[in-house]
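Here is the structure we will look at.
Letters A, B, ... are given to chains in the order of the sequence lines, protein chains preceding strands, and every chain is numbered from 1. Since we're looking at a predicted model, the values are computed, not measured.
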There are 2 protein chains.
Amino acid sequence: MHSQPLRSGESDRTLFQTMLHELARTYQAFANYSDSYVRQLGLTPPQFDVIITLGNTSGLSMNRLGEQTLVTKGTLTGIIDRLEQKSLVRRMVPQGNRRSFTVVLTPHGEELFREVYPAYVAHLGERFQNLSPTELETIRLALTKLRELF
Amino acid sequence: MHSQPLRSGESDRTLFQTMLHELARTYQAFANYSDSYVRQLGLTPPQFDVIITLGNTSGLSMNRLGEQTLVTKGTLTGIIDRLEQKSLVRRMVPQGNRRSFTVVLTPHGEELFREVYPAYVAHLGERFQNLSPTELETIRLALTKLRELF
DNA sequence: TATTGTTATACTCTATAACTATA
DNA sequence: TATAGTTATAGAGTATAACAATA
């Protein structure tokens, strides 16, 4: 029952709040646009995330894959199961360590990655055509600064 | 730097791809940090999104609520149902239009919003303490520019 | 004992599409 | 007919925690 109102300017949004709101809504819009494309490929967004994270690597352990995609291990097991059913990845047991797997793209998965990732990037790129490289770089720097905070 | 607009398949692709990757991972990190806080309140992220979207308004129709949160109507019905079970929102039938509802915060919901939103902002704000107003503004402008593309 | 990954449970979100009621 | 919202269905992700196997 005890509510402590904002001290300064109850109805004023701070610059910080506006930025937060902008961050959330910006990504929502991006994800909305991106996800609808990804689903046309028959993949869910987390599945696609795994595919492009594995692309151009020689495989990652469940542990590291979870770290990079920020998916917890229990969830990741299910995602990898479904990708395995689609023959896009496989669990490779490395010699000398039977406690950990290496998740790698199958040839089929590699093929999908090579075909689909450039198309995905091009699809998103349509929205960015009018940005100059300078603007892109400014945005990237801002995002990097943001990201480093978390 | 190049002054050419983006053309997919060329060397500018790297900068663009890097930016995209940065956007996705930045938001992932943000969402991860934000969501774990939100769940401590007993709310899911979409439920919290609805609460803060309704805060400081006199209510929104399902339609407009869906537009702002980018949640499709079928999904929104379930989210509102669960918030109603928690007595945080209610469906108000406006006079003269029985086809559309107005979703409003209940007093309990208002109280939650007033207590929890500032705390949420403060929680996130800890990560931003070392940014100057100029840096915040630069980031906000970059995000706005990004958002306008979608 | 600590680490890696799986399993179990319960719930929520999601897409998609058919459906009801109102305008 | 068009619009606003609900319902139905099936699938997937999520948190959480207990569990097994290996190191």
Query raised in the report: C:dG5 phosphate, OP1 or OP2: any side-chain N/O from A:S100 under 4.0 angstrom?
Result: yes
Requested in this report: Identify whether any heavy atom of A:T77 sits under 4.0 Å from a base atom; if not, whether one sits that close to sugar-phosphate; answer base, sugar-phosphate or nothing.
Outcome: base
Requested in this report: Rounded to the nearest angstrom, tell me the gap between atom CE in B:M62 and atom C1' in C:dT22.
Outcome: 16 Å
Report summary line: Picking from D:dG5, C:dT6, C:dG5, the nucleotide nearest the side-chain atoms of B:F101 would be D:dG5
Query - Reading 5' to 3' through nucleotides 9-21 of chain C, protein heavy-atom contacts under 4.0 Å coded B for base, S for sugar-phosphate only, - for none - result: ---SSBS------
Query raised in the report: For the pair made of CG in A:L43 and P in D:dG11, what is the distance, rounded to whole Å?
Result: 16 Å
Query raised in the report: Taking CD1 from A:I80 and P from C:dT4, how many angstroms apart are they, rounded to a whole number?
Result: 16 Å
Report summary line: B:E84 atom CD is separated from D:dG5 atom C1', nearest whole Å, by 13 Å
Report task. Whole angstrom is fine here: how far is it from CG in A:D49 over to C1' in D:dA12? Result -> 15 Å
Report task. Please report, rounded to the nearest Å, how far the P atom of C:dG5 is from the CE atom of A:M92. Result -> 13 Å
**Report entry** Under 3.5 Å donor-acceptor, B:E135 side chain and B:S132 backbone
**Finding:** yes
Requested in this report: Return yes when atom NZ of A:K145 has more than 12 non-hydrogen atoms of other residues, nucleotides or ligands closer than 6.0 Å, and no otherwise.
Outcome: no
Residues 64-76 of chain B side chain polar contacts: donor-acceptor under 3.5 Å, at least two apart:
{"unit_1": "B:T69", "atom_1": "OG1", "unit_2": "B:L65", "atom_2": "O", "d": "2.7"}
{"unit_1": "B:T72", "atom_1": "OG1", "unit_2": "B:T75", "atom_2": "OG1", "d": "3.4"}

Report task. Measure from the side-chain N and O atoms of B:T26 to the backbone N and O of A:L143, and report whether any donor-acceptor pair falls under 3.5 Å. Result -> yes
Query raised in the report: Could you walk me through whether A:F30 and A:Y27 pass the ring pair (Phe, Tyr, Trp, His ring centres under 6.0 Å) check?
Result: CA-CA 5 Å; A:F30 164 75; A:Y27 184 76; 5.4 Å; yes
Query raised in the report: Are any side-chain N or O atoms of A:S61 and backbone N or O atoms of A:S100, one a donor and one an acceptor, separated by less than 3.5 Å?
Result: no
**Report entry** Between P of D:dA4 and CG of B:L65, the distance in whole Å
**Finding:** 14 Å
Query raised in the report: Does the separation of the ring centres of B:F48 and B:Y120 fall below 6.0 angstrom?
Result: yes
Report task. For A:L76 and D:dT16, give me the distance from atom CG to atom P, rounded to whole Å. Result -> 17 Å
**Report entry** Under 4.0 angstrom between B:R91 side-chain N/O and D:dG5 OP1 or OP2
**Finding:** no
